[in-house]
Amino acid sequence: MEPFSTSLTSIGPKKNKRIIPQDNSFMRIPDLIKTKVPEGLKNLYGFDISPNALIINLTRKEFEGDYTVVTFPFAKQARKSPGDVAEALGEYLIANTEEFVSYNVIKGFLNLSVGTSYWPDFLKRVLENDSFGYHDDNGRKALVEFSSPNTNKPLHLGHIRNILLGWSTSKILKAAGYDVVKTQIINDRGIAICKSMLAWQEFGAGATPESTGTKSDHFVGHWYVQFEKHFKAEYGEWQGSDAAKKVLAEKDVKEENVESFWSKYKNEYFNTHSGLGAKAKQMLLDWEAGKEETRNLWKKMNQWVYDGFEVTYKNLGVEFDSLYYESNTYLLGKDIIEDGLSKDIFYKKDDNSVWIDLEKDKLDHKLVLRSDGTSVYMTQDIGTARKRYEDTGADTMIYVVADEQNHHFKVLFKILERMGEPYAKSCHHLSYGMVNLPHGRMKSREGTVVDADDLMADVIGVATKNSEEVGTVLDLPKEDQEKIFEQIGLAALKFFIIKVNPKKSMIFNPEESVDMQGQTGPYVQNAGVRCRGILRKLGEYDGNEALKLETVHDAEKETLRLIHSYPEIIADAAKDLDPSHVANYCYSLAKSYHKFFNSGLSVIRAESEAAKAFRGDLTQATLQILESGMDLLGIEIPERM
RNA sequence: GGCCCCGUAGCUCAACUGGAUAGAGCAGCUGACUUCUAAUCAGCAGGUUACAGGUUCGAGUCCUGUCGGGGUCACCA
């Protein structure tokens, strides 16, 4: 048995001697159409159109042709029927390009067929360029904020959707030509972490993650839960007290409403009568005053959380370029408000609170400084945005945050605009829908929150079980097997989440998330692994033979056209900030290759040297694009599976 | 209640941003492994795109209304 690392990483011939055409005029079909159709319209009818206004589709498989141009939009200006325009354009393209060899017209649809010789040439271009599909630097810098957890409890399924969206959006923007900075703001201060701190101090008896053998962020989360438990007990007991009876009498609560009244009163109880509440609040005040003992406790517990997060992030395969801590940024923005006050962007009320009037933009008045002069969330966000601009020079800022904050970001961006911030118009809220379970929302009270670490362990567990049943990698060393199981399990999870359009809320069915058949991550991986297997067996071949190819079969054409459209997929995904485009694309490409594989067209036993070389190139290119596309989603394709 | 988002096959999702006969997967049923990996493929079945109008060559997509679901309306984050 050969060692894993050497036997599996060689995937066949990488760079054979090839005839590389010397001209620089190579254009992919969409670009060719965008050049030649406006030119044709100008020559034929004498009017100009914007190339971007063209509608170019892959020809549906029930019709003859490869690419379809829709001519309805030009009919009026040309003063001809859409069919006539299509005919004339078809003639023009045949006469004035090498690539198109025939056409047909159905109503206003011009179906164009690309000549066979185009494809082997095209594949060579793909294989020569490892980053085929990527776009040139556009000179812009985008800052992407995602994850942004609180430090009082571990990450859960909601964070996973956020993180996967943020990560892949960052990758996609990079591929689309942006310089990208990945960042997060860590919400490390506030009443929540104080609750964990207090509970640990009061009831923890010196326990540590080490002493209890608990992952350190879960350890801190445990004490947060303990706080809630003790608080609830305290509250329940209090409800029988004279003070409680007095409250009921004052508020004139009827007998049958007592229970629901108490559940709504909880927050007020925390702020008024609760002993634990008072202690937690005192802790927050001590923290703000910089009391050393409190700060040390805070540092200790936060460090536990960070150590835990680091493991989760690493397992998920993500990392950040920079971090912002709320404890450093929560005072930012106040100066900016003062400044804006003098410029009449904001106004002050009699009680000294500061507001902005957004009624002209069909929004409300929004508070930006409390009457006691302290800041609110919005104030911080204003300050942090400017700081980030100063720190990084990013002219585009993308906030990956759940859609419950749609309104907040609408207001934030409008305020930044009013302030004349140079990046204001390029701020985007990548808003995504809630992740629900088959039986409804995740609720911490009902213990239905799906923990991130548990979830990853589960999917890897299922992948391991499946893989051992299939038995195809049992000959490999144990650690290589484990690596593969991990790759497969995470692929299932990540793909399941990322294939859904971000703005839609999604239902997360744990059973379906570990499916490995059909429209899933492992299905796509399997196509790539299949390519690797074929290339391994194929060995050396003469790449130049491919240029002598005489026919391209339908089963090959589908895969070719998909590879061909990869650059547009990246551009669209970047424009829409929507990684699901890439996921669905990868699935289509994998599907088309599987189909080709089963079509009876053999690579290794091809009918001619030309076909063999061509299919070898096709297989290599498919693998290259699958790896590239899945990489944008944070998914790896294993060597074997 | 005001504002915002969503509603597509039994279930989970697509539909190139207004283009051709709305496509996949899962679940169900039939077939294909001595063949380049069956985590695959081929096929059957499944739809009044919530409903009613409108806009135009053309509507799941845009507009209006109705019904259903979610979010949000804090000197919280």
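Lettering follows sequence order; numbering is per chain, from 1.
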Using a 4.0 Å heavy-atom cut-off across all strands, classify [X] as base, sugar-phosphate, or nothing.
X	result
A:S467	base
A:N501	sugar-phosphate
A:N57	base
A:M434	nothing
A:F63	base
A:E326	sugar-phosphate
A:P73	base
A:G190	nothing
A:V70	base
A:I488	base
A:L601	base
A:R189	nothing

Against the six-membered ring of [Y], is [X] placed for a cation-pi contact (under 6.0 Å from the centre, within 45° of the normal)?
X	Y	answer
A:K107	A:F72	no
A:K349	A:W355	yes
A:R530	A:Y593	no

State the pairing partner of [N]; accept Watson-Crick or G-U wobble contacts with both distances under 3.5 Å, and report none otherwise.
N	answer
B:rC36	none
B:rC3	B:rG71
B:rG58	none
B:rC41	B:rG31
B:rA50	B:rU66
B:rC26	B:rG10

Does the side chain of [X] get closer than 4.0 angstrom to OP1 or OP2 of [N] through an N or O atom?
X	N	answer
A:K366	B:rC75	no
A:K537	B:rU37	yes
A:Y523	B:rC41	yes
A:K499	B:rA24	no
A:K591	B:rG25	yes
A:K503	B:rC6	yes
A:R536	B:rU37	no

If the [atom1] atom of [N] is compared with that of [M], how far apart are they to the nearest Å?
N	M	atom1	result
B:rU64	B:rG70	P	24 Å
B:rG2	B:rA20	P	37 Å
B:rG25	B:rG46	C1'	14 Å
B:rA24	B:rA9	C1'	11 Å
B:rC63	B:rU56	C1'	13 Å
B:rU61	B:rU48	P	16 Å
B:rG54	B:rA42	C1'	45 Å
B:rG65	B:rG19	P	25 Å

Side chain of [X] only, heavy atoms from C-beta on: which candidate in [options] is closest?
X	options	value
A:W355	B:rA39, B:rC16, B:rC75	B:rC75
A:V500	B:rC76, B:rA39, B:rA14	B:rA14
A:H581	B:rA15, B:rC36, B:rU21	B:rA15
A:Y587	B:rA24, B:rU37, B:rC26	B:rA24
A:E404	B:rG25, B:rG71, B:rA38	B:rG71
A:R60	B:rG71, B:rU21, B:rC36	B:rU21

Query raised in the report: Under a 4.0 Å N-O cut-off, is there an ion pair linking A:D617 with A:K612?
Result: no

- Query: Do NZ/NE/NH1/NH2 and the carboxylate oxygens of A:E556 and A:K595 come within less than 4.0 Å?
  - Reply: no

Original post:
Between A:N406 and A:S431, is there a donor-acceptor pair closer than 3.5 Å when you use the side chain of the first and the backbone of the second?
Top reply: no

Problem set entry | A:T59 side chain to A:Y67 backbone, donor-acceptor under 3.5 Å | yes

(request) Please assess A:H429 against A:D403 for the test side chain to side chain donor-acceptor pair (under 3.5 Å), listing each intermediate value before the final yes or no. (result) CA-CA 9 Å; A:H429 174 204; A:D403 62 9; over 6 Å; no

Over 60° means perpendicular and under 30° means parallel, so classify the ring planes of A:Y523 and A:H594, tilted if in between. perpendicular

(request) Flag as yes if A:F109 stacks onto the base of B:rG19 (centroids under 5.5 Å, planes under 30°), otherwise no. (result) no

Determine if A:F72 stacks with B:rG19; use a centre-to-centre distance below 5.5 Å and an interplanar angle below 30° as the criteria.
yes

[N] base / [X] side chain donor-acceptor hit below 3.5 Å:
X	N	value
A:T68	B:rA20	yes
A:S580	B:rA14	no
A:N111	B:rA20	yes
A:S371	B:rC75	yes

For the rings on A:H365 and A:Y347, is their centre-to-centre separation under 6.0 Å? yes

Comparing nearest nucleotides in RNA chain B, the 5'-proximal residue of the pair A:V470, A:I55 is A:I55

RNA chain B nearest-nucleotide lookup for A:Q519 and A:T472: closer to the 5′ end is A:Q519

Expected label for B:rC41 (glycosidic angle, syn inside 90° of 0, else anti) would be anti

